[in-house]
Amino acid sequence: MNHQISAGGLVVKDDKLLLVRHDKEGAYDFWVAPGGGVEGSESIFEAAKREVLEETRILVEPCKMAYIEELYNPKDRLIKVWVFCDYLSGTPYVAESETAREYIIEAGWFDKSDLQNLTLFPDVLKNGFWNDLENNFNEVKYLPIRELEFY
């Protein structure tokens with residue numbers, strides 16, 4: 001079994017959350033905050049910043065850990081740390097050459113009501129996230145282990 005550490009960036013601008021869409025025809029179509037595997041000796045914060053920039057062209061400053069999520073499938077076991085980040089600059093843009101292998105086709109800003117009708121991971125982003133944001137992520141929350149539906 002492969003083990004991986006992953007980081008994701010939770011970025012809010014004008015009360016909207018930054019998301020990317022993964023769409024592999026005939027296999028899956030879902031939204032998630034930008035993120036991916038930690039590389040080499042980079043920190044969780046460095047990885048979150050890099051992943052947001054790579055997947056969306058948005059520049060952020062990581063602030064604090066918000067959630068720790070456990071994920072698995074038959075071949076992999078992952079720990080994903082979701083990091084709340086301050087928006088610095090940029091407009092969501094998906095560079096096909098850099099995101100094609102992950103089937104990322106779109107990125108954008110979504111308000112709380114927009115999220116309710118999306119296939120979205122992790123589930124906490126639909127509701128609990130907004131309360132945690134309002135409370136300035138006063139504690140890192142554990143998200144229960146979840147089987148990866150798409151791999």
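None of the values given here were measured: they were computed from a predicted structure. We're numbering straight along the sequence, starting at 1.
- Residue Leu88 holds its CG atom at 4.5 Å from CG of Leu59, rounded to the nearest 0.5 Å.
- Side-chain contact between Leu78 and Asp76: present, with at least one pair of heavy atoms (C-beta onward) separated by less than 4.5 Å.
- For Asn135, there are no side chain to side chain donor-acceptor pair (under 3.5 Å) partners, not counting sequence neighbours.
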For a quick test of your reading: what N or O donor-acceptor pairs under 3.5 Å do the side chains of residues 118-133 make, sequence neighbours left out?
| from | atom 1 | to | atom 2 | distance (Å) |
| --- | --- | --- | --- | --- |
| Lys126 | NZ | Leu118 | O | 2.9 |
| Trp130 | NE1 | Leu125 | O | 3.2 |
| Asp132 | OD1 | Lys141 | NZ | 2.6 |
| Asp132 | OD2 | Tyr67 | OH | 2.6 |

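- Pairing each heavy atom of Asn73 with each of Met1, the nearest pair is O-CE, 4.0 Å.
- Here Ile145 contributes atom CD1 and Tyr72 contributes atom OH; the two are 6.5 Å apart, rounded to the nearest 0.5 Å.
- A donor-acceptor pair under 3.5 Å is absent between the side-chain atoms of Thr56 and the main chain of Tyr93, judged by distance alone.
- Taking Ser113 as the reference, Asp111 meet the side chain to side chain donor-acceptor pair (under 3.5 Å) condition, with sequence neighbours excluded.
- Shown here are the side chain to side chain donor-acceptor pair (under 3.5 Å) partners of Glu70, two or more places apart in sequence or in another chain: Arg77, Tyr142.
- Considering only residues two or more places apart in sequence or on other chains, Ala66 meets the side-chain contact (heavy atoms from CB on, under 4.5 Å) condition with Leu10, Phe137.
- Here the closest non-hydrogen pair linking Ala107 and Val20 is CB-CG1, 4.0 Å.
- Legend: salt bridge (Lys or Arg N to Asp or Glu O under 4.0 Å) pairs involving residues 1-22, not counting sequence neighbours, sorted by first then second residue: Arg21-Asp23, Arg21-Asp29, Arg21-Glu106.
- Listed by first then second residue, pairs satisfying salt bridge (Lys or Arg N to Asp or Glu O under 4.0 Å) with a partner in residues 42-53 read Glu39-Arg50, Glu42-Arg50, Lys49-Glu61, Arg50-Glu54, not counting sequence neighbours.
- Taking every heavy atom of both residues into account, Cys85 and Gly9 meet most closely at SG-CA, 4.0 Å.
- Listed by first then second residue, pairs satisfying ring pair (Phe, Tyr, Trp, His ring centres under 6.0 Å) with a partner in residues 31-65 read Trp31-Phe110, not counting sequence neighbours.
- Counting heavy-atom neighbours within 6.0 Å of Glu25 CD, excluding the residue itself, gives a total of 12 or less.
- Residue-environment remark: CD (Glu134) stays at or below the threshold of 12 foreign heavy atoms within 6.0 Å.
- A continuous path of hydrophobic side-chain contacts links Leu143 to Val32 [ILVMFWY only; heavy atoms under 4.5 Å].
- For Lys64 against Asn136, the heavy-atom pair with the smallest separation is NZ-O, 2.8 Å.
- When every heavy atom of Gly8 is checked against every heavy atom of Ala48, the shortest pair comes out as O-CB, 3.9 Å.
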Could you go through His22 and Phe30, starting from their C-alpha distance and side-chain angles, then the distance that decides it, and tell me whether this counts as ring-ring contact (aromatic ring centres under 6.0 Å, His included)?
CA-CA 5 Å; His22 293 257; Phe30 65 91; 5.0 Å; yes

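- Side-chain contact between Ile68 and Trp82 is absent, with no heavy-atom pair separated by less than 4.5 Å.
- With side-chain heavy atoms closer than 4.5 Å counting as contact, directly or through intermediates, the hydrophobic cluster containing Val52 also holds Val11, Leu18, Ile58, Val60, Tyr87, Trp109.
- Counting non-hydrogen atoms of other residues, nucleotides and ligands closer than 6.0 Å to CD1 of Ile5 gives a total of 12 or fewer.
- The same ILVMFWY cluster, assembled from side-chain heavy atoms under 4.5 Å apart, contains both Ile104 and Leu19.
- Side-chain contact between Ile44 and Val38: present, with at least one pair of heavy atoms (C-beta onward) separated by less than 4.5 Å.
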